[in-house]
Amino acid sequence: MKPTLPNTVIQQSWKEYPDFADYLVELGFRRVVLGSVSAKFKSKYSLLWQAFSASLRLILPQRCFSNMRVVVAFGHFASVIKLLARLRLIHYEKLFCFAFFVHTTAWFRVFRKLARLDSPKDHYLIFSRSEMELYARKLEIHKTRMHYVPYGHWESAPPRPQLPAQL
């Protein structure tokens, strides 16, 4: 019998969407907190260093994260997780990017290129229908990989331990 792969919610800090992370833990997700993250805005270099050091914390104990069923990652750190998967340093069956916000036109080109690296198993939880339209048009993310969940209505969110067949 094949062992059940864990469902995992990855936070860079305990302060990162604790209500949704707590909800997922109640559903049986394992919580992984990679380290503290300051709530202050940072330079692009400090953000890159933060992403690099968090990814090391994720891949160094590789046996723990080499196979995961459903992964929920917050913000743009989901891009780091996708990159680690493309480098075959971690494996997941499905990834949900939660709170993936891109509203500044200067970043559209960068995230459009990153979205081209997505596979069919990479999904986005979107908080508004206008955001879905924006990302489909500007980032070229297919709408079938975006899931509208009104912020705070977690019971309707798709990443449950038993995923619907269409996801």
Side-chain angles (χ1 to χ4, degrees), residues 7-13 15-17 20-21 24 29 32 34-35 37-59 65-154 156-160 163-167:
N7 294 320
T8 306
V9 56
I10 299 174
Q11 295 173 271
Q12 286 188 281
S13 80
K15 295 179 181 180
E16 193 172 40
Y17 296 98
F20 189 61
L24 291 174
F29 278 66
V32 174
L34 297 175
V37 177
S38 170
K40 297 177 184 177
F41 288 101
K42 298 182 175 195
S43 72
K44 61 184 170 184
Y45 299 110
S46 62
L47 288 172
L48 287 172
W49 175 253
Q50 180 180 305
F52 175 74
S53 61
S55 64
L56 284 179
R57 287 187 208 107
L58 188 62
I59 63 173
F65 304 106
S66 59
N67 287 305
M68 296 176 281
R69 183 164 180 249
V70 175
V71 176
V72 176
F74 298 112
H76 302 295
F77 189 69
S79 297
V80 174
I81 292 174
K82 288 186 255 185
L83 176 63
L84 293 173
R86 296 322 168 267
L87 294 172
R88 298 180 191 267
L89 295 172
I90 62 173
H91 171 77
Y92 53 81
E93 290 180 6
K94 196 167 294 258
L95 171 70
F96 287 94
C97 306
F98 182 92
F100 175 83
F101 300 116
V102 182
H103 296 135
T104 306
T105 56
W107 286 100
F108 286 154
R109 185 176 45 144
V110 171
F111 281 97
R112 183 173 36 253
K113 289 179 181 178
L114 288 173
R116 289 183 183 148
L117 296 175
D118 285 358
S119 73
K121 61 186 178 179
D122 298 324
H123 295 261
Y124 298 84
L125 295 177
I126 306 298
F127 300 140
S128 72
R129 297 196 190 281
S130 62
E131 212 175 10
M132 186 180 287
E133 295 299 322
L134 177 70
Y135 298 159
R137 191 176 71 254
K138 295 289 188 176
L139 303 181
E140 301 172 0
I141 298 171
H142 199 277
K143 288 183 181 181
T144 59
R145 293 188 302 110
M146 291 188 278
H147 308 278
Y148 171 68
V149 178
Y151 189 82
H153 293 116
W154 310 137
S156 64
R160 297 179 185 272
L163 287 173
Q166 70 268 22
L167 296 180

- How long is the span from the CG atom in Leu83 to the CD1 atom in Ile90, to the nearest 0.5 Å? 9.5 Å

- Measure the shortest side-chain to side-chain distance between Phe20 and Leu125 over non-hydrogen atoms and say whether it is less than 4.5 angstrom. yes

- Query: Could you give the distance from CE (Met132) to CD1 (Ile141), rounded to the nearest 0.5 Å?
  - Reply: 10.5 Å

- Would you mind reporting whether Ile10 and Phe74 have side-chain heavy atoms less than 4.5 Å apart? no

- Task: Could you tell me whether Phe98 and Phe77 have their ring centroids closer than 6.0 angstrom?
- Result: no

- Message: Distance check, rounded to the nearest 0.5 Å: Ile126 atom CD1 versus Glu133 atom CD?
- Response: 11.0 Å

- How many angstroms lie between SG in Cys97 and CE in Met146, if you round to the nearest 0.5 Å? 11.5 Å

- Message: Which residue is it: Asn7, Asp122, Thr8? I am looking for the one with a side-chain hydrogen bond (donor to acceptor under 3.5 Å, both in side chains) to Tyr92.
- Response: Asp122

- Task: Would you sort out whether Tyr17 and Val72 count as a side-chain contact (heavy atoms from CB on, under 4.5 Å), showing the intermediate values?
- Result: CA-CA 11 Å; Tyr17 296 98; Val72 176; over 6 Å; no

- Message: Please report the interatomic distance OG(Ser79) to NZ(Lys113), rounded to the nearest 0.5 Å.
- Response: 14.5 Å

- Query: So, the side chain of Arg112 versus the backbone of Glu140: is there a donor-acceptor pair under 3.5 Å, distance only?
  - Reply: no

- Work out which heavy atom in Ala73 is nearest to a heavy atom in Ile81; give both atom names and the distance. CB-CD1, 3.5 Å

- Note on the structure: Rounded to the nearest 0.5 angstrom, the NZ-CZ distance for Lys143 and Arg137 is 9.5 Å

- Any sub-3.5 Å donor-acceptor pair from Gln11's side-chain atoms to Glu16's backbone N or O? yes

- Is any side-chain N of the basic residue among Lys82 and Asp118 closer than 4.0 Å to the acidic one's carboxylate O? yes

- Taking atom NZ of Lys121 as the centre, does the number of heavy atoms from other residues, nucleotides or ligands within less than 6.0 Å exceed 12? yes

- Assert yes or no for the condition that the ring centre distance of Tyr135 to Tyr124 is strictly below 6.0 Å. no

- Arg86 atom CZ: more than 12 heavy-atom contacts under 6.0 Å: yes

